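To keep things clear, I will list the structure first and then write my remarks on it.
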Number of protein chains: 2
Amino acid sequence: LVALSGVEKVYGKGESQVYALAGADLRIDNGEFVAIMGPSGSGKSTCMNIVGCLDQPTSGSYRFRGVEVGTLSRDELALLRRHYLGFVFQGFNLLARTSAVENVELPLVYRRVAAGERRRLALAALAAVGLEGREKHTPAELSGGQQQRVAIARAIVTNPSILLADEPTGNLDSARSVALMELLVALNRTRGITIVMVTHEPDMAAYSTRTVVFRDGKVASDGPTSRR
Amino acid sequence: LVALSGVEKVYGKGESQVYALAGADLRIDNGEFVAIMGPSGSGKSTCMNIVGCLDQPTSGSYRFRGVEVGTLSRDELALLRRHYLGFVFQGFNLLARTSAVENVELPLVYRRVAAGERRRLALAALAAVGLEGREKHTPAELSGGQQQRVAIARAIVTNPSILLADEPTGNLDSARSVALMELLVALNRTRGITIVMVTHEPDMAAYSTRTVVFRDGKVASDGPTSRR
Ligand SMILES: Nc1ncnc2c1ncn2[C@@H]1O[C@H](COP(=O)(O)OP(=O)(O)OP(=O)(O)O)[C@@H](O)[C@H]1O
Ligand SMILES: Nc1ncnc2c1ncn2[C@@H]1O[C@H](COP(=O)(O)OP(=O)(O)OP(=O)(O)O)[C@@H](O)[C@H]1O
Ligand SMILES: [Mg+2]
Ligand SMILES: [Mg+2]
């Protein structure tokens, strides 16, 4: 499904040059639940952005479903993202002047889903993350953890083939974090959604089947998640 | 130092009325290191904003150093914040077009510190959170955990009397989180800085001496932090 090979991402030039990724190799198959861990600044979000077709490598290859993503046009990339991907951003990236339910409906608008069906699916996604009763609130009227859950609901509302979640429990208390992990496991097992989740909490990584650890822009280790 | 009594914070009217705080009582003395925990939406950030003089209760009393904060003018509140408080926001609130070092210098600009001394103090604060070499980067050129650390550096650069940190390790890996907790303990013990820290991670709360748990806008429990 996902095949990164020798992927590099470089910013800046000369003395201030930064290798966000310095030769990353990563293969992910359909139906996996992968946890990505590693120190701050080690390249996890950069890797997620490339996998999610939001950014391009400066060198190396990224094949998504067998297609070399670097050869696609911007329009083709947008179509690919809308069709296959759900993304929970580390910084949420919600629309500030838009209500929670409208934020969640946005991927369905792109898919030309009818208004009634859109509302039904968006409310169901918000209920799945415990936000009933908050759908009319804008992000500024929500707590940090509530904003994070709106971002999660938006990522799952289209039932994507692959869900990319960058630190999805960073602002959630233990009970909510566990509830979210159980929801992700259910989506993975009953709907076959492939999940790639960046987390720094070992208790959350424990719900995955495979753990990939980044260090200095490369994959440092990659293997089955140890039972805790 | 901090005395909240019967504090309420209400948003909205009628059917959509929300009690973010519903009668919160909290006393914090000089030199304490308090962890604030509780479910998402239970009022922790609202409480921190009131303690930090960024927001006013809709009813109840908040006395800071014996002064009823509700009686102060906006200018007096701004002076109070700049003189006594350091704040790490849950959403960081960094200036987007400004470099990391300039973001960290901002509280020193307000205090009329000379440019050379400002730069020295800001670089020292950035080094204390492991960000040497990143001072010229703007927030967009930094990882999530690096942005969080810039926010922390900005909050400690003035050596504030009281440091309010809202989920300061939400985006940090385990090693960085532990390093930050050790830094906070050192600031608390060697410089007497009072620390109030919202966290959802028990391993981080363990560094505090007292734990306050919120539920539904009120303090549900308040006592010594249990040893782990
Ligand atoms: N402007 C607003 N209008 C309406 N409701 C609001 C507003 N701001 C906050 N709230 C509500 O107040 C409640 C408390 O919010 P607060 O941000 O204090 O929670 P929190 O404990 O910090 O949560 P988290 O752990 O998710 O950060 C939430 O239910 C939130 O939806
Ligand atoms: N636009 C940019 N210009 C320069 N450097 C950048 C830019 N964007 C990212 N970087 C650098 O690339 C490195 C990797 O960033 P990335 O966001 O992938 O890290 P991360 O593993 O997600 O970290 P965190 O756990 O803190 O979120 C970081 O050192 C960061 O400073
Ligand atoms: Mg990141
Ligand atoms: Mg909060």
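This is a predicted model, so every value here is computed, not measured. Residue numbering restarts at 1 for every chain, and letters A, B, ... go by the order of the sequence lines.
Every pair passing side chain to side chain donor-acceptor pair (under 3.5 Å) that includes a residue from residues 204-220 of chain A is listed here, sequence neighbours excluded: A:E32-A:R210, A:S208-A:T225, A:R210-A:D222, A:T211-A:T225.
A 4.5 Å side-chain heavy-atom check between B:R176 and A:P39 finds every atom pair outside the cut-off.
Residues satisfying the ring pair (Phe, Tyr, Trp, His ring centres under 6.0 Å) criterion with A:Y19, sequence neighbours excluded, are absent altogether. Every salt bridge (charged side-chain N to carboxylate O under 4.0 Å, His left out) that B:D55 has, sequence neighbours left out, goes to B:K9.
By number of non-hydrogen pairs under 4.5 angstrom with chain B, the leading residue of A:M37, A:E167, A:R149 is A:R149. The most heavy-atom pairs under 4.5 Å with chain B, out of A:S177, A:A20, A:G144, come from A:G144. Your options are A:S40, A:G41, A:G170, and the one with the most heavy-atom pairs under 4.5 Å with chain B is A:S40. Counting heavy-atom pairs closer than 4.5 Å to chain A, the top residue among B:V18, B:T199, B:L142, B:T46 is B:V18.
Heavy atoms of A:Q146 lying under 4.5 Å from chain B belong to its backbone as well as its side chain. At a 4.5 Å heavy-atom cutoff, the contact between B:S143 and chain A is made by side-chain atoms alone. For B:T169, the part sitting under 4.5 Å from any heavy atom of chain A is the backbone (N, CA, C, O) and nothing else. Neither the backbone nor the side chain of B:V198 comes within less than 4.5 Å of any heavy atom of chain A.
In this structure, CD in B:E201 is found 9.0 Å from CG in A:D203, a value given to the nearest 0.5 Å. Expressed to the nearest 0.5 Å, how far CG of B:N171 lies from CG of A:D166 amounts to 8.0 Å.
Using a 4.5 Å cut-off between non-hydrogen atoms, the part of residues 128-138 of chain B that approaches chain A consists of B:R134, B:H137.
Residues A:Q90 and B:G145 come closest through the heavy atom pair NE2-N, 4.0 Å.
B:H200 places no side-chain N or O within 3.5 Å of a backbone atom of A:S174 that could act as its donor or acceptor partner.
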